Participant: 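Sharing a structure here in structure tokens format.
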Amino acid sequence: GTWSRVTRSGIVMGSTITSRSWKIQNGTKTHVLQLRHNNVSGRRQMVLDGREIWNSLKVLDSAETIKYHIGNKSGVVIIGVDYFTFTYECRFEGKAMPEMTFDIMNYEEKNYKCSIPSVSVERIKGKNVAVFRVEMTLDGKTQVLRKRYRDFYSFDTYLRGAFDGHHLLSNLPKVPPKQIPLFTDHFAPKFLEERRIALQAYVRKLLLIPKVVNNPDFQRFFSKQKRKDTRNHNADSKSNKFQDGEGEVEIEEEPSLMAVPLMPEVKAL
């Protein structure tokens, strides 16, 4: 048929958050469109170049076609239901787009190096929080990022969602587990040092997997971002059509504590 197994990239219902990313070439510009689907709650979220452009809440077995625009060109993302399996497809100007985990096999080599040298307890919005200093180096250039454990947990949720249904899912290292505050002092120096070491080991293992370091959520999470001025962004919720103009002003942002748009169901202590 017109849908290949890879393009549809099916996943069995009940596996919580699934993420699919498609690389879309429009003229000289390359865009990344992502669909995040919590197939337990039914929540769906679409992200274009790191910015949420659409979300909805559907019943568990509901198929859906979402229309979107890039410039003056259009495409669709199709969520299908095949018995007890969800399928996902992206088309742009009528052509099937490659899914970045399942379809793209040739990746540019990226020589990342990561260190998490320290953790500090800071007062943020009236609460004590542990903030990890993350130093990510690529091609000799180092960016210093500030992350909380909850940021790593949310990132890991989306990363695993990208590999949902892929044989490499079992190869992904596990993020250090959550601890219940009732039984663990989250600000004890020994606990923070153990978590710092565990997070550093987790990220360094991720760096060994080419498909991971080319994942758009990985690249967004571990780098400073340039965001587009969205003043000419508009959405027609009645028709499920979403417009994203090209040529907006780009503004560099300092790395935030949460660099990945968060679905409400993703929480960590």
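Keep in mind that this is a model prediction, so the values were computed, not measured.
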Participant: Take atom NZ in Lys110; do more than 12 heavy atoms of anything else shown fall under 6.0 Å from it?
Facilitator: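 Yes, NZ of Lys110 has more than 12 neighbouring heavy atoms, counting only those of other groups under 6.0 Å.
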Participant: Heavy-atom distance under 4.5 Å between the side chains of Cys114 and Gln200, does that happen here?
Facilitator: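 A side-chain contact is absent here, since even the closest heavy-atom pair is not under 4.5 Å.
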Participant: With side chains defined as the heavy atoms from C-beta onward, is the minimum distance between Val213 and Leu206 less than 4.5 Å?
Facilitator: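 Val213 vs Leu206: side chains apart.
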Participant: Are any of the side-chain heavy atoms of Leu33 and Met97 separated by less than 4.5 Å?
Facilitator: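 Answer no - side chains too far apart.
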Participant: If you measure from the Lys or Arg side-chain nitrogens to the Asp or Glu carboxylate oxygens, is any gap between Arg160 and Asp156 under 4.0 Å?
Facilitator: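 Looking at Arg160 and Asp156, the cut-off is met.
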Participant: Say you draw a straight line from SG of Cys90 to CE of Met100; how long is it, rounded to the nearest 0.5 Å?
Facilitator: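 So the SG of Cys90 and the CE of Met100 are separated by 12.0 Å.
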Participant: To the nearest 0.5 Å, tell me how far Glu122 CD sits from Arg148 CZ.
Facilitator: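 If we round to the nearest 0.5 Å, Glu122:CD and Arg148:CZ are 10.0 Å apart.
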Participant: Heavy atoms only: give me the nearest Gln34-Pro216 pair and the separation to one decimal.
Facilitator: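 In this case the closest contact between Gln34 and Pro216 is NE2-CG, 3.7 Å.
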Participant: Side-chain contact test, heavy atoms from C-beta onward, threshold under 4.5 Å: evaluate it for Val131 versus Ile124 and give yes or no.
Facilitator: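 Yes, close enough: below the 4.5 Å cut-off.
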Participant: Report yes if the side chains of Glu99 and Thr101 come closer than 4.5 Å at any heavy-atom pair, otherwise no.
Facilitator: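 With C-beta onward as the side chain, the pair touches.
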Participant: Just how far is it from atom OG of Ser19 to atom CG of Asp164, taken to the nearest 0.5 Å?
Facilitator: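 Taking OG in Ser19 and CG in Asp164, the distance rounds to 9.5 Å.
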Participant: Answer with yes or no after comparing the ring centroid distance for Tyr149 and Phe132 against a 6.0 Å cut-off, counting only values under it.
Facilitator: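 Distance test on ring centres: not under 6.0 Å, no.
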Participant: Let me see the working for Val77 and Trp54 under side-chain contact (heavy atoms from CB on, under 4.5 Å), right down to the final yes or no.
Facilitator: CA-CA 12 Å; Val77 170; Trp54 169 87; over 6 Å; no
Participant: Write down the atom of Ser56, the atom of Glu64, and the distance for their closest heavy-atom approach.
Facilitator: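 Closest approach of Ser56 to Glu64, heavy atoms only: OG-OE1, 3.6 Å.
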Participant: Leu192 vs Val121, test: side-chain contact (heavy atoms from CB on, under 4.5 Å). Steps then yes/no.
Facilitator: CA-CA 9 Å; Leu192 289 175; Val121 178; 3.7 Å; yes
Participant: Tell me whether Arg133 contacts the main-chain N or O of Lys147 through its side chain, where contact means a donor paired with an acceptor under 3.5 Å.
Facilitator: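 No, Arg133 side chain to Lys147 backbone: no donor-acceptor pair under 3.5 Å.
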Participant: Could you go through Asn171 and Phe163, starting from their C-alpha distance and side-chain angles, then the distance that decides it, and tell me whether this counts as side-chain contact (heavy atoms from CB on, under 4.5 Å)?
Facilitator: CA-CA 10 Å; Asn171 291 355; Phe163 285 83; over 6 Å; no
Participant: For Gly80 and Ala63, work out which heavy atoms get closest and say how close.
Facilitator: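 Taking Gly80 first and Ala63 second, the nearest heavy atoms are CA-CB, 4.3 Å.
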Participant: Indicate, with yes or no, if Tyr202 and Leu168 share a hydrophobic cluster defined by side-chain heavy-atom contacts under 4.5 Å among Ile, Leu, Val, Met, Phe, Trp and Tyr.
Facilitator: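 In one cluster: yes.
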Participant: Can you tell me how far apart OG (Ser62) and CG (Leu57) are? Round to the nearest 0.5 Å.
Facilitator: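 Rounded to the nearest 0.5 Å, the OG-CG separation comes out at 10.0 Å.
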Participant: Strictly distance-based, threshold 3.5 Å: is any side-chain N or O of His186 a donor or acceptor partner for the main-chain N or O of Gln179?
Facilitator: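 Yes: the side chain of His186 pairs with the backbone of Gln179.
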Participant: Just checking Phe92 against His31, ring centres under 6.0 Å apart?
Facilitator: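 Ring-ring flag for Phe92/His31: false, centres at least 6.0 Å apart.
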Participant: So Arg36 and Asp217, side-chain contact (heavy atoms from CB on, under 4.5 Å) or not? Walk me through it.
Facilitator: CA-CA 11 Å; Arg36 292 167 179 159; Asp217 281 326; 2.5 Å; yes
Participant: Assess whether a salt bridge exists between Asp49 and Lys29, defined as any Lys/Arg side-chain N lying under 4.0 Å from an Asp/Glu carboxylate O.
Facilitator: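 Here Asp49 does not pair with Lys29 in a salt bridge, since their nearest N and O are not under 4.0 Å apart.
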Participant: Establish, yes or no, whether a centroid distance under 6.0 Å links the rings of Tyr112 and Phe218.
Facilitator: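 For Tyr112 and Phe218, the ring centres are under 6.0 Å apart.
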Participant: Kindly give the heavy-atom pair with the smallest separation between Arg20 and Ala162, and that separation in Å.
Facilitator: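 Between these two residues, the closest heavy atoms are NH1-O, 3.5 Å.
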Participant: Can you tell me how far CD of Gln45 sits from CD1 of Ile53, rounded to the nearest 0.5 angstrom?
Facilitator: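 Rounded to the nearest 0.5 Å, the CD1-CD separation comes to 10.0 Å.
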Participant: Assess whether a salt bridge exists between Lys190 and Glu193, defined as any Lys/Arg side-chain N lying under 4.0 Å from an Asp/Glu carboxylate O.
Facilitator: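 Looking at Lys190 and Glu193, the cut-off is not met.
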Participant: Compare every heavy atom of Val81 with every heavy atom of Thr87, then report the nearest pair and how far apart it is.
Facilitator: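 Thr87 and Val81 have their closest heavy atoms at OG1-N, 4.4 Å.
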Participant: Which residue is it: Leu35, Ile104, Val32? I am looking for the one with a side-chain contact (heavy atoms from CB on, under 4.5 Å) to Trp22.
Facilitator: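 With Trp22 as partner, Leu35, Ile104, Val32 yield a single side-chain contact (heavy atoms from CB on, under 4.5 Å), made by Leu35.
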Participant: Do any N or O atoms from the side chain of Glu93 and from the backbone of Ser74 form a donor-acceptor pair under 3.5 angstrom?
Facilitator: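 Confirmed, Glu93 side chain pairs with Ser74 backbone.
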Participant: Decide yes or no for His37 and Tyr88: does some side-chain heavy atom of the first lie under 4.5 Å from some side-chain heavy atom of the second?
Facilitator: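 Yes; the side chains approach each other to less than 4.5 Å.
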Participant: Say whether Leu208 and Leu199 are linked into one hydrophobic cluster, either directly or through other cluster members, by side-chain heavy-atom distances under 4.5 angstrom.
Facilitator: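 No, Leu208 and Leu199 fall in different hydrophobic clusters.
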Participant: Do Ile66 and Arg44 touch side chain to side chain, with heavy atoms closer than 4.5 Å?
Facilitator: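 A side-chain contact under 4.5 Å is absent here.
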Participant: Decide yes or no for Glu135 and Pro117: does some side-chain heavy atom of the first lie under 4.5 Å from some side-chain heavy atom of the second?
Facilitator: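 Counting from C-beta outward, Glu135 and Pro117 do come under 4.5 Å.
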Participant: Keeping Gln143 on the side-chain end and Lys224 on the backbone end, is there a donor-acceptor pair under 3.5 Å?
Facilitator: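 Between the backbone of Lys224 and the side chain of Gln143 there is a qualifying donor-acceptor contact (under 3.5 Å).
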Participant: Just how far is it from atom CZ of Arg195 to atom CD1 of Ile116, taken to the nearest 0.5 Å?
Facilitator: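 It comes to 11.5 Å.
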